[in-house]
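Here the structure is laid out as structure tokens; the discussion comes afterwards.
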Amino acid sequence: MITKQIFTAAMAAILCLCALPSCEKSGGGDALMQGEYIIVASSDKASYLIQTDGLTSGQLSIVRNGKETDTGTAWLFYKDKYLYRLVYNQSNAGTGSSYYIGSNGMIAQRNILFEIKSRFTTYGFFGQHLITAASGATADMDAATGLPKYGVTFTYIDVEAQTLSTKTVVTENMVDDNGEYYTVSGIVEHGGKIYTALCPQGFSAYGVKRDNGKYITGAEDLVDAEAGTISPTLHPDNVWVAIYNGTDFENPVIIKDDRISYGTSRYRSQFYQMISSDDDGNIYVFSASNAQGNEDSRQKTALPSGVIRIKAGENSFDQNYYANMEELSGGCRVFRIWHIASDYFLLQMYAEPGTAGANNSDLRRLAVFKAGEKKFTWVDSGLPARDNISAFGSNPFFEDGKAYIPVTTTDGAQPTIYVVDPSTASASKGATVTSSGISAIGRLKK
């Protein structure tokens with residue numbers, strides 16, 4: 001176990017926080033509904049924050065019934081107090097905003113906008129901070145190559161003070177000395193600590209050359225001569241979790257295991273969280289086993305999509321716990337995971353066995369996993385026919401032991417919230433929303 005890490009100076013300045021005059025549009029003035037449940041729905045050009053008093057039935061619409069706002073990449077609920085709109089804007093800063101329920105019972109935008117200048121590829125909450133992270137070049141220079149070193153920039157927003165700070169960390173040699181860099185996937189809070197999965201980044205343009213410009217021994221033929229990079233990894237058969245004591249992101253405890261591949265799932269630029277805790281504080285780490293799709297044998301893994309855990313209060317992986325998710329599912333890998341309640345998890349799955357990558361894959365199946373019993377069950381009852389499903393919502397909602405997930409179909413039906421009961425692994429139809437799609441669901445209170 002290696003905890004070596006190099007840090008740049010903290011970027012403590014507040015980034016482009018600005019007062020915001022009220023500029024929200026509404027779909028219908030006095031006709032707007034009230035209620036604690038918030039549905040983020042969309043048209044082709046905007047998003048709408050719809051309030052309702054229930055999710056299990058009813059027909060809602062963005063027409064004359066929603067606060068119009070700019071579109072967002074991710075919509076995150078901080079407890080039942082605030083809703084955050086995050087914007088991913090490639091290499092440029094994306095301007096985000098947050099919302100609350102005002103004294104009149106209506107949703108309103110808070111008076112501060114924020115910019116996440118380093119973009120984001122993963123996110124989560126810790127204490128009263130919304131944290132995002134993304135990898136990229138740092139201000140630290142490699143003396144041997146004259147190139148910037150690679151690392152991760154953490155951006156953390158104090159949800160109450162509405163202030164924003166950043167910390168950039170150089171991630172070279174976090175687990176060995178071969179020069180490979182790492183990014184992070186998932187932000188989980190437990191016991192006053194941050195748990196995040198480390199994901200190898202291969203040798204970026206900033207890391208492929210060492211020792212006065214010579215390539216890493218044994219990696220020369222893997223280098224893209226034009227780009228000067230190795231995009232996969234030389235560590236396809238390991239998983240690591242870094243445990244930080246707080247938002248200084250210094251001196252993490254790093255734990256390693258070789259029963260699953262690295263603990264993430266990826267779709268385009270996003271590293272989807274595959275690490276989550278149950279109600280008892282046990283932390284489960286899933287792997288989509290993305291490295292199965294690597295072409296070179298040195299970068300390819302034979303490890304199946306699986307899950308291991310860190311028992312509550314421990315700083316090591318539980319050697320008595322392992323589940324082979326492909327064996328349980330009939331050959332399908334896990335794409336995304338969300339904790340529902342108790343030790344139940346909702347899984348979005350690769351729909352076909354042997355699928356290697358998410359960008360062009362069929363992801364239209366859900367399952368329930370009862371982690372303590374290693375019990376996997378497909379959610380086949382109550383959902384629309386798989387051939388009619390076009391997408392699941394990215395941000396489901398969980399309450400009273402059930403999951404509420406948006407489903408968009410191709411059969412002309414309006415986007416609909418489906419309620420998944422994990423005890424029966426069955427779904428039932430809930431509220432529909434006349435819109436192009438439903439991005440997120442949550443609850444806000446005054």
Side-chain angles (χ1 to χ4, degrees), residues 24-43 46-86 96-110 125 130 159 338-341 344 346 366 379 382-384 391-409 413-422 426-446:
E24 296 170 293
K25 301 175 184 178
S26 66
D30 294 338
L32 291 173
M33 295 177 61
Q34 294 191 34
E36 292 184 348
Y37 295 101
I38 309 298
I39 300 172
V40 182
S42 60
S43 66
S47 293
Y48 297 83
L49 311 182
I50 299 171
Q51 293 179 245
T52 181
D53 57 6
L55 300 172
T56 58
S57 63
Q59 296 179 342
L60 305 171
S61 174
I62 61 175
V63 180
R64 297 184 60 80
N65 187 30
K67 288 285 188 182
E68 182 181 332
T69 184
D70 292 332
T71 58
T73 308
W75 296 86
L76 308 177
F77 287 84
Y78 174 74
K79 300 181 179 179
D80 56 7
K81 297 186 69 174
Y82 305 119
L83 167 62
Y84 277 85
R85 179 180 64 89
L86 302 184
S97 51
S98 60
Y99 306 84
Y100 71 108
I101 298 295
S103 58
N104 63 352
M106 304 297 294
I107 194 165
Q109 185 167 310
R110 301 171 80 192
F125 289 101
L130 167 59
V159 300
W338 301 275
H339 176 241
I340 302 174
Y344 283 110
L346 180 66
L366 297 178
V379 181
L383 288 175
F392 294 112
S394 296
N395 299 98
F397 172 60
F398 307 97
E399 184 177 68
D400 296 333
K402 293 183 173 59
Y404 298 76
I405 186 165
V407 181
T408 305
T409 57
Q414 293 298 326
T416 301
I417 297 169
Y418 280 82
V419 186
V420 177
D421 183 342
S426 62
S428 58
K429 185 176 180 181
T432 63
V433 182
T434 301
S435 61
S436 297
I438 301 171
S439 301
I441 311 164
R443 191 173 192 176
L444 297 178
K445 298 180 180 180
K446 288 192 288 187

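Throughout, residue positions are numbered sequentially from 1 according to the sequence presented.
- You'll find the side chain of Phe77 stays beyond 4.5 Å of the side chain of Tyr99, heavy atoms only.
- Lys429 meets the side-chain contact (heavy atoms from CB on, under 4.5 Å) test with Thr416, Tyr418, Thr432; sequence neighbours excluded.
- Under the 4.5 Å side-chain criterion, counting only non-hydrogen atoms from C-beta, Ile101 is in contact with Gln51.
- Among all heavy-atom pairs drawn from Ser435 and Ser42, the shortest one is CB-O, 3.4 Å.
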Derivation and outcome, side-chain contact (heavy atoms from CB on, under 4.5 Å), residues Lys81 and Lys445: CA-CA 6 Å; Lys81 297 186 69 174; Lys445 298 180 180 180; over 6 Å; no

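- The residue from Val40, Ile38, Ile417 that alone fulfils the side-chain contact (heavy atoms from CB on, under 4.5 Å) condition with Ile441 is Ile417.
- Take Thr434 and apply the side-chain contact (heavy atoms from CB on, under 4.5 Å) test, not counting sequence neighbours, and it matches Ser61, Gln414.
- Annotation: side chain of Thr56 is in contact with side chain of Tyr404 (closest heavy-atom distance under 4.5 Å).
- Using a distance-only test at 3.5 Å, with no hydrogens or angles considered, a donor-acceptor pair links the side chain of Arg85 to the main chain of Thr71.
- For Asn395, the side chain to side chain donor-acceptor pair (under 3.5 Å) test picks out no residue, with sequence neighbours left out.
- Heavy atoms only, all atoms of each residue included: Leu383 and Val379 are closest at CD1-O, 3.6 Å.
- Closest approach of Ile50 and Ala41 over heavy atoms only: CD1-CB, 4.1 Å.
- Contact record, Tyr344 with His339: O-CD2, 3.3 Å, taken as the closest heavy-atom pair.
- The shortest side-chain heavy-atom distance between Leu346 and Phe392 does not fall under the 4.5 Å cut-off.
- When side chains are defined from C-beta on, Ser43 counts as touching Ile62, because their heavy atoms get closer than 4.5 Å.
- Applying the side chain to side chain donor-acceptor pair (under 3.5 Å) criterion to Lys446, with sequence neighbours excluded, gives no partner residue.
- No side-chain heavy atom of Pro406 sits less than 4.5 Å from a side-chain heavy atom of Pro415.
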Trp75/Ser394 under side-chain contact (heavy atoms from CB on, under 4.5 Å): CA gap, chis, key distance, verdict: CA-CA 9 Å; Trp75 296 86; Ser394 296; over 6 Å; no

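- Ring orientation note: the planes of Phe125 and Tyr78 are tilted relative to one another, at an angle of 30° to 60°.
- Cation-pi geometry between Arg110 and Tyr82 is met: under 6.0 angstrom from the ring centre, within 45 degrees of the axis.
- Between atom CG of residue Leu86 and atom OG of residue Ser97 there is a gap of 9.0 Å, rounded to the nearest 0.5 Å.
- Contacts of Pro396 classified as side-chain contact (heavy atoms from CB on, under 4.5 Å), with partners at least two apart in sequence or in another chain: Trp338, Phe398, Ile405.
- The two residues Gln109 and Thr69 make their nearest non-hydrogen contact at OE1-OG1, 4.2 Å.
- Side chains of Met106 and Gln34 form a contact here, defined as non-hydrogen atoms less than 4.5 Å apart.
- Residues passing the side-chain contact (heavy atoms from CB on, under 4.5 Å) test with Ala341, sequence neighbours excluded: Asp279.
- Side-chain contact between Tyr84 and Val159 is present, with at least one heavy-atom pair separated by less than 4.5 Å.
- The two residues Ser57 and Ala431 have their closest heavy-atom pair at O-CB, 3.4 Å.
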Determine whether Ile107 and Tyr100 satisfy the following criterion, side-chain contact (heavy atoms from CB on, under 4.5 Å), listing intermediate values before the conclusion. CA-CA 6 Å; Ile107 194 165; Tyr100 71 108; over 6 Å; no

